[in-house]
Structure formats: C-alpha cells, structure tokens
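What you see is a predicted model; the values in this text were computed from it and never measured.
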Amino acid sequence: MSEQVQNERRIGFLDFTPTEAGPNYGRFVESLRRLQDLAVSTHLPDTDLAAVTARIDEVSDLLEPYTVPEGRSPAGFNRHLPGRGSLLLLPWLFEQVDADGVRARGRFRTFHRGGNDAAHGGTIGLLFDDMLGMIVHAAGHPIARTGYLHVNYRKVTPIDTELVVEGRVERTSGRKIFCTAELRDLDGTVLADCEALMVELLPGQP
C-alpha cells in the first residue's frame, strides 16, 4: 500500500470517484457469477480438479497485473449492472433510488443457497445492509456506517425466484438515521424485514 493511500486512510473515509464500466464489464461479472454458482453445485472427479484449477489460475494470472487501489475498480460503482458490478453484492437491479426510498428487484442464485433451495440467512442480511447505504445516500445524508441491523426472517426465502426489496428512512435524530426495509415475493408476501440504525460519520472518521 502506498504512503499516499495510507495517509488518506488516516484522515477519514476515502473520497471515491466512480469508475465507469466498459461495455464488456457486465458480461465479465456475469461469467464470474456463473463460475461461483457452478463451484458450489458441481462435483468433479478429483482427477479433473487439478486441470480445472490450473485453468482458473491462468485467468487469475491474467487479471492480477491490472490490480488497482480500492475505489479504482468499476466493481460496486455501476448502478445499471446487477449488484452494481460487484461480486460481493447480490446481483439485483435498482428500480427506484430517491428521497422517498429505494427499491430493487432480483433473485438469489445457487451461490447464495443455504439449504433446501432457500437463500442463506446471511445473504439476506447482506442484501439489507447494502440497501441501507443506498437509502441513506438517496435521502441526501452524508456517508454513514451501520450501527445495528436487526433482521426478522418471516418465511423461507427461495433461490432462483424473482423478488423485490424496498426500504426507506423512517426518522433521524442528530447523526442517527433509522431505516426499515422489507423483502417480498411478487405477490407481496413479506419474506424478511429489518430495522436498522445508520450513524453519520464525523469529519475525518473512517
């Protein structure tokens, strides 16, 4: 890590300028998502694993020379792509991002399976936590971090089924921003919901 980046980290949250994805980036991310799905749903003979792993290592070797510092990759900054182009985030697309709230639509993939074709509970928490940052931003608040996130799991959340998640700011108190969100199926049934506290960062606070 360069001295400049280290110094930036000491004085607060890094000020990122979004990196626009090129026309092939969405296909690149989708190919990697497919690989993730297959990695958790296939059973290769051990004799074939060495050759497959070598091919994956070849691709990693092609990518490594293009490593950039945090905030310089298109990952996470392109709202027109599922999961904003980030493999970490759920591959959902935002339909509404404004002061009234945030709504996104998508599905949990095989990679997110927790058992019996249900989404892993941790991935539902990740979906909500990502939404919180967008909710705070859309409502015009400064950067905030999650103070707490309480998730209620109401029903089994299926994978490979289109769903909708929606959230909003309920109230504020100083630096505290209280938010709620719900995960529903297309019939409107609530599968999970959450209450959360987001806390605005102080100047220079990481």
Enquirer: Please indicate whether Asp61 has more than 12 foreign heavy atoms, meaning atoms of other residues, nucleotides or ligands, lying under 6.0 Å from its CG.
Expert: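 Yes, the 6.0 Å shell around CG holds more than 12 heavy atoms from other groups.
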Enquirer: Is the shortest heavy-atom distance from the side chain of Leu90 to the side chain of Asp130 under 4.5 Å?
Expert: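 Counting from C-beta outward, Leu90 and Asp130 never come under 4.5 Å.
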Enquirer: So which heavy atom on Asn78 is nearest to which on Ala21, and how close?
Expert: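 Result for this residue pair: OD1-N, 2.9 Å.
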Enquirer: For Val102 and Arg168, what are the C-alpha separation, side-chain angles and deciding distance, and is it a side-chain contact (heavy atoms from CB on, under 4.5 Å)?
Expert: CA-CA 6 Å; Val102 174; Arg168 67 209 60 81; over 6 Å; no
Enquirer: Give a yes or no on whether the backbone of Gly76 and the side-chain of Arg84 come within a donor-acceptor separation of less than 3.5 Å.
Expert: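 Looks like yes, one N/O pair under 3.5 Å.
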Enquirer: So with a 6.0 Å cut-off around CG of Asp46, is the heavy-atom count from everything else above 12?
Expert: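 12 or below, so no.
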Enquirer: Are Glu166 and Arg103 within salt-bridge range, i.e. N to O under 4.0 Å?
Expert: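 Yes, this pair counts.
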Enquirer: Report whether Ile56 and Leu62 are members of the same hydrophobic cluster (ILVMFWY, side-chain heavy atoms less than 4.5 Å apart, transitive linking).
Expert: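 Different clusters: Ile56 never reaches Leu62 through Ile, Leu, Val, Met, Phe, Trp or Tyr contacts under 4.5 Å.
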Enquirer: Take Val165 and Met131 through the test side-chain contact (heavy atoms from CB on, under 4.5 Å) and record every step on the way to the result.
Expert: CA-CA 8 Å; Val165 63; Met131 282 285 291; 3.8 Å; yes
Enquirer: Are the side chains of Cys179 and Met198 in contact, using a 4.5 Å heavy-atom criterion?
Expert: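 They are in side-chain contact.
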Enquirer: Which pair of heavy atoms, one from Trp92 and one from Gly106, lies closest together, and at what distance?
Expert: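 For Trp92 and Gly106, the tightest heavy-atom pair comes out as CE3-N, 3.3 Å.
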Enquirer: Check the angle between the aromatic planes of His112 and Phe108 and answer parallel, tilted or perpendicular using the 30° and 60° thresholds.
Expert: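 The rings of His112 and Phe108 stand perpendicular, inter-plane angle above 60°.
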Enquirer: Is there a side-chain contact (heavy atoms from CB on, under 4.5 Å) between Thr157 and Ile124 once you walk through the steps?
Expert: CA-CA 9 Å; Thr157 298; Ile124 295 172; 3.6 Å; yes
Enquirer: Looking at Glu195 and Arg171, is any side-chain nitrogen of the basic one under 4.0 Å from a carboxylate oxygen of the acidic one?
Expert: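 No, this pair does not count.
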Enquirer: Can you list everything that forms a side-chain hydrogen bond (donor to acceptor under 3.5 Å, both in side chains) with Asp100? Sequence neighbours excluded, please.
Expert: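 In terms of side-chain hydrogen bond (donor to acceptor under 3.5 Å, both in side chains), with neighbours along the sequence ignored, Asp100 is linked to no residue.
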Enquirer: Is a side-chain donor or acceptor of Thr42 paired with a backbone partner of Leu44 at a separation under 3.5 angstrom?
Expert: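 Not a single qualifying donor-acceptor pair exists.
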Enquirer: Between atom CG of Leu197 and atom CZ of Phe178, what is the distance when rounded to the nearest 0.5 Å?
Expert: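 The CZ atom of Phe178 is 5.0 Å from CG of Leu197, to the nearest 0.5 Å.
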Enquirer: Run the salt bridge (charged side-chain N to carboxylate O under 4.0 Å, His left out) test on Lys155 and Asp185 for me, step by step, so that the C-alpha distance in whole Å, both residues' side-chain angles and the decisive distance to 0.1 Å come before the verdict.
Expert: CA-CA 10 Å; Lys155 291 183 178 295; Asp185 63 20; over 6 Å; no
Enquirer: Side chains of Arg184 and Thr189: donor-acceptor distance under 3.5 Å anywhere?
Expert: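 No, no side-chain donor-acceptor contact under 3.5 Å.
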Enquirer: Side chain of Ser31, backbone of Arg27: donor and acceptor closer than 3.5 Å?
Expert: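 Side chain of Ser31 to backbone of Arg27, a donor-acceptor pair under 3.5 Å: yes, one is there.
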Enquirer: Does some side-chain heavy atom of Arg79 sit less than 4.5 Å from a side-chain heavy atom of Met134?
Expert: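 Yes, at least one pair of side-chain atoms sits under 4.5 Å.
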Enquirer: Kindly compute the distance separating CD1 (Ile143) from NE2 (His137), expressed to the nearest 0.5 Å.
Expert: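 It is 9.5 Å, given to the nearest 0.5 Å.
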Enquirer: Set out, in order, the CA-CA distance, both residues' side-chain angles and the distance that settles side-chain contact (heavy atoms from CB on, under 4.5 Å) for Leu93 and Arg105, then state yes or no.
Expert: CA-CA 6 Å; Leu93 283 169; Arg105 184 183 297 256; 5.9 Å; no
Enquirer: Looking at Asp37 and Arg33, is any side-chain nitrogen of the basic one under 4.0 Å from a carboxylate oxygen of the acidic one?
Expert: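 Result for this pair is no, no salt bridge flagged.
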Enquirer: Roughly how far, to the nearest 0.5 Å, is the CD1 atom of Ile177 from the OG1 atom of Thr172?
Expert: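 Going from OG1 on Thr172 over to CD1 on Ile177, the span is 7.5 Å.
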Enquirer: Answer whether the closest heavy-atom distance between the side chains of Glu30 and Pro82 falls below 4.5 Å.
Expert: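 A side-chain contact is absent here, since even the closest heavy-atom pair is not under 4.5 Å.
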Enquirer: Establish whether Ile135 and Phe77 are linked, either directly or via other cluster members, by ILVMFWY side-chain heavy-atom contacts under 4.5 Å.
Expert: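 They do not share one cluster, since no chain of ILVMFWY contacts under 4.5 Å joins Ile135 to Phe77.
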Enquirer: Is the number of heavy atoms from other residues, nucleotides or ligands within 6.0 Å of OH (Tyr66) greater than 12?
Expert: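 Atom OH in Tyr66 is not packed in, count stays at 12 or less.
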Enquirer: Judged by atom type as modelled, is there a donor-acceptor pair below 3.5 Å linking the side chain of Thr161 to the main-chain atoms of Ile159?
Expert: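 Pair found, side chain donor or acceptor close to backbone of Ile159.
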Enquirer: Find out if a path of hydrophobic residues (ILVMFWY) with successive side-chain heavy-atom gaps under 4.5 Å connects Val169 to Phe94.
Expert: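 Yes, same cluster.
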Enquirer: Report yes if the side chains of Val164 and Leu186 come closer than 4.5 Å at any heavy-atom pair, otherwise no.
Expert: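 With C-beta onward as the side chain, the pair touches.
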Enquirer: What closest approach, in Å, do Asp160 and Arg109 show between heavy atoms, and which atom pair accounts for it?
Expert: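 For Asp160 and Arg109, the tightest heavy-atom pair comes out as OD1-CA, 4.2 Å.
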Enquirer: Show the nearest heavy-atom pair for residues Val68 and Ser73, with the distance to one decimal.
Expert: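 Shortest heavy-atom separation between Val68 and Ser73 comes out as CG2-N, 3.7 Å.
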Enquirer: Please lay out, stage by stage, how Glu70 and Arg72 fare under the test salt bridge (charged side-chain N to carboxylate O under 4.0 Å, His left out).
Expert: CA-CA 6 Å; Glu70 182 183 357; Arg72 305 284 178 83; over 6 Å; no
Enquirer: Supply the atom-to-atom distance Phe111 CZ to His120 NE2, rounded to the nearest 0.5 angstrom.
Expert: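 Going from the CZ atom of Phe111 to the NE2 atom of His120 covers 11.0 Å.
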Enquirer: Crowded around Arg175 CZ? As in, over 12 foreign heavy atoms under 6.0 Å?
Expert: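 Correct, the count exceeds 12.
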Enquirer: For His141, does the NE2 atom have more than 12 heavy-atom neighbours from other residues, nucleotides or ligands under 6.0 Å away?
Expert: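 Count over threshold, so yes.
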Enquirer: Can you see which heavy atom on Tyr153 is nearest to which on Ala192, and at what distance?
Expert: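 Closest heavy-atom pair between Tyr153 and Ala192: CA-CB, 4.4 Å.
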Enquirer: Determine whether Val136 and Leu149 fall in the same hydrophobic cluster, where Ile, Leu, Val, Met, Phe, Trp and Tyr are linked whenever their side-chain heavy atoms lie under 4.5 Å apart.
Expert: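 Per the 4.5 Å side-chain linkage, Val136 and Leu149 are co-clustered.
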Enquirer: Answer whether the closest heavy-atom distance between the side chains of Leu127 and Leu183 falls below 4.5 Å.
Expert: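 Yes, at least one pair of side-chain atoms sits under 4.5 Å.
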Enquirer: What are the two closest non-hydrogen atoms of Gly85 and Val29, and how far apart are they?
Expert: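 Smallest interatomic distance, heavy atoms only, reads O-CG2, 3.7 Å.
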Enquirer: Indicate, with yes or no, if Leu132 and Leu126 share a hydrophobic cluster defined by side-chain heavy-atom contacts under 4.5 Å among Ile, Leu, Val, Met, Phe, Trp and Tyr.
Expert: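 Yes, one cluster joins them.
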Enquirer: Does NE2 in His80 sit with more than 12 non-hydrogen atoms of other residues, nucleotides or ligands closer than 6.0 Å?
Expert: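 More than 12 heavy atoms, drawn from other residues, nucleotides or ligands, come within 6.0 Å of this atom.
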